[in-house]
Amino acid sequence: MIVLGIETSCDETAVAIVDEQKNILSHALNSQIDLHQKFGGVVPEVAARSHIEVLDGLILQALKDAKLDFKDIDAFAATSGPGLIGGVIVGMMAAKTLASVFQKPFIAINHLEAHALTARLTSDLEFPYLLLLISGGHCQILLARNINDYKKLGETIDDALGEAFDKVAQMLGLPYPGGPAVEKMALQGNCNRFKFSRPLIDGYAKNEHLCNFSFSGLKTAVRREIEKLTGENFSHFSTPQKINDRDKQDICASFQRTACEIIMNRLENVDRSQLNLKKLVIAGGVAANRYIFSELQNWAKKHDLEVIAPPIKLCTDNAVMVAWNGVEKMRRGITDELNFKPRARWELGDLILNPDPPLESSIISTKP
Ligand code: KG4
Ligand code: ZN
């Protein structure tokens, strides 16, 4: 069985073809980073227009690279939410059209589930597993029990972790997307120089707020430190002028260490007594961060867990994960109707029952 998957929910247009034997037959991708960099975040209208311009070409490219024809594809899958709605519509309509023309099933993919399942493509991984989903729009701890079956154990009450990385980068004048830039700067930095507060942890009893996160206060703590160092007050759209590279490196390293401590503290609050959980999967763009991965590996050893993360290029948004999610669903006979509505919001904890939410629009968003 061969599935073609399309990803257009944010700033990557991507098409991949994956088969049931876990072969990635092709992956054609166009990143929009250059288009959005000058705005410091993704502009939804610009993103949607760019998806329209390049998607057809990427579909043909993916088929050519895989040496396949449309008629060889058994199902067409596309991210149908959550995400920037203009982009989601572009990819979803393309997949529906192909499904209709070639009389093959259409599969609506939840972008978060696609991240969650990637490790099953790249490793030998069975359900159930503990899932740490850390991306530009989400920060959640989930129990992955099966396809379409996730239990949310905790989530951020404000910013996502990737969003916090992006905002710290913006405050330091580092380029978008901020995560990789912060990670690179942190390599040269002293992670013990600054003691940033850990929201929902410091000042609370161990079991309070259990597995929930808050990164907004951490971001503010970083801002205050920068203001102290430079003596400057800076607004959301300006960056301090007087900050030197040594301070930038130490801030990035200290921020990253604090973020790691927060994650580990929250994972320790998961009640594993009733569950025979042996594997922790890290998924989403922030899972590409090697410092976080290796810190979590050390932590996990002490807690009798094995940490699994997909290869870096499959942690950030891609279409391989969408096609693979399509394979996983096809194998179980799960397909969707052509009247499936695109979803700006679509929770993973209640994949089936979630009602169609109202459409939303915004001018600039760092991530969906
Ligand atoms: O999963 P993703 O590609 O898109 C969403 O679904 O949100 O995640 C993008 C996020 C961005 O916030 C980006 O800064 C962050 O992942 N990210 C990283 C790294 N690479 C990407 N954060 C920390 N370290 C990285 N190496
Ligand atoms: Zn993503």
Side-chain angles (χ1 to χ4, degrees), residues 11 33 36-43 134-139 156-204 209 212-266 284-295 316 362-367:
D11 56 353
I33 286 178
H36 302 294
Q37 214 151 34
K38 59 177 175 290
F39 302 106
V42 180
V43 184
I134 39 179
S135 70
H138 294 83
C139 183
T156 181
I157 58 167
D158 41 53
D159 293 352
L161 184 53
E163 203 179 343
F165 267 94
D166 292 337
K167 285 179 178 165
V168 167
Q170 199 178 37
M171 286 188 247
L172 294 172
L174 302 176
Y176 178 86
V182 169
E183 182 180 14
K184 199 165 159 215
M185 270 274 157
L187 285 174
Q188 318 294 326
N190 170 4
C191 68
N192 294 313
R193 176 162 162 209
F194 301 107
K195 298 270 175 283
F196 296 127
S197 58
R198 300 174 307 170
L200 300 190
I201 299 176
D202 297 329
Y204 292 91
H209 299 292
N212 282 340
F213 299 86
S214 164
F215 291 107
S216 173
L218 174 58
K219 178 190 68 190
T220 308
V222 171
R223 174 185 293 272
R224 293 229 175 86
E225 199 55 62
I226 298 172
E227 287 178 344
K228 241 197 288 174
L229 284 168
T230 61
E232 290 175 62
N233 280 324
F234 59 98
S235 74
H236 185 64
F237 291 106
S238 68
T239 50
Q241 304 299 313
K242 285 186 261 167
I243 186 152
N244 62 42
D245 276 355
R246 158 75 30 218
D247 289 343
K248 281 188 191 179
Q249 290 158 354
D250 292 348
I251 283 175
C252 288
S254 302
F255 162 77
Q256 230 176 217
R257 177 184 55 78
T258 311
C260 260
E261 283 174 10
I262 294 171
I263 292 170
M264 292 185 283
N265 178 289
R266 301 292 91 174
V286 186
N289 186 297
R290 291 299 92 183
Y291 172 83
I292 293 180
F293 180 72
S294 76
E295 286 294 294
T316 48
S362 60
I363 299 169
I364 295 185
S365 115
T366 43
K367 278 279 161 177

Could you give the distance from OH (Tyr291) to SG (Cys260), rounded to the nearest 0.5 Å? 5.0 Å
Applying side chain to side chain contact (heavy atoms under 4.5 Å, CB included) to Cys191 and not counting sequence neighbours gives Ala253, Arg257
Nearest heavy atoms of Asp245 and Met185, plus distance in Å: OD1-CE, 4.4 Å
Going through the checks in order, is the side chain to side chain contact (heavy atoms under 4.5 Å, CB included) test met by Ile251 and Leu229? CA-CA 11 Å; Ile251 283 175; Leu229 284 168; 3.8 Å; yes
Measuring only between side-chain heavy atoms, which start at C-beta, is Ile157 closer than 4.5 Å to Ser216? no
Out of curiosity, Lys219 NZ to Lys167 NZ, how far, rounded to the nearest 0.5 Å? 4.0 Å
Salt bridge (charged side-chain N to carboxylate O under 4.0 Å, His left out) contacts touching residues 184-194 (sequence neighbours left out): Arg193-Asp247, Arg193-Asp250
Would you check if Asp166 and Pro177 make a side-chain contact, meaning some heavy-atom pair closer than 4.5 Å? yes
Any donor-acceptor pair under 3.5 Å linking the side chain of Asp202 with the backbone of Arg198? yes
Compare every heavy atom of Arg266 with every heavy atom of Leu200, then report the nearest pair and how far apart it is. O-NH2, 3.6 Å
Which value, rounded to the nearest 0.5 Å, describes the distance between Ile201 atom CD1 and Ile262 atom CD1? 5.0 Å
Within the distance-only criterion (no hydrogens, no angle test), does the side chain of His138 pair as donor or acceptor with the backbone N or O of Ala160 below 3.5 angstrom? no
Carefully, step by step, assess Gln256 and Asn289 under the rule side chain to side chain donor-acceptor pair (under 3.5 Å). CA-CA 10 Å; Gln256 230 176 217; Asn289 186 297; 2.9 Å; yes
Between Lys248 (side chain only) and Leu172 (backbone N and O only), is there a donor and an acceptor less than 3.5 Å apart? yes
With a 4.0 Å cut-off, would you call Glu183 and Arg290 a salt bridge? no
For the residue pair Phe39 and Tyr176, is the inter-centroid distance of their aromatic rings smaller than 6.0 Å? no
With the side chain counted from C-beta on, respond yes when Thr156 and Asn212 share a heavy-atom pair under 4.5 Å apart, and no when they do not. no
Looking only at heavy atoms, which two atoms of Phe196 and Phe255 are closest? And how far apart? CE1-N, 3.7 Å
Nearest heavy-atom approach of Glu295 to Met264 is O-SD, 4.0 Å
Could you tell me which non-hydrogen atom of Ser197 sits nearest to which non-hydrogen atom of Pro199, and how far apart they are? O-CD, 3.3 Å
Hey, what do you get for OG (Ser254) to CG (Asn190), rounding to the nearest 0.5 Å? 6.0 Å
Scan side-chain atoms only and decide if Asp158 and Ser214 contain a donor-acceptor pair under the 3.5 Å cut-off. yes
Atom CD1 in Ile226, atom CZ in Phe194: separation rounded to 0.5 Å? 9.0 Å
Quick one: CG on Leu161 to CD1 on Ile134, what's the gap to the nearest 0.5 Å? 5.5 Å
Closest approach of Ser135 and Gly284, non-hydrogen atoms and distance? CB-CA, 4.2 Å
Partner residues of Glu225 under the salt bridge (charged side-chain N to carboxylate O under 4.0 Å, His left out) criterion, sequence neighbours left out: Lys228
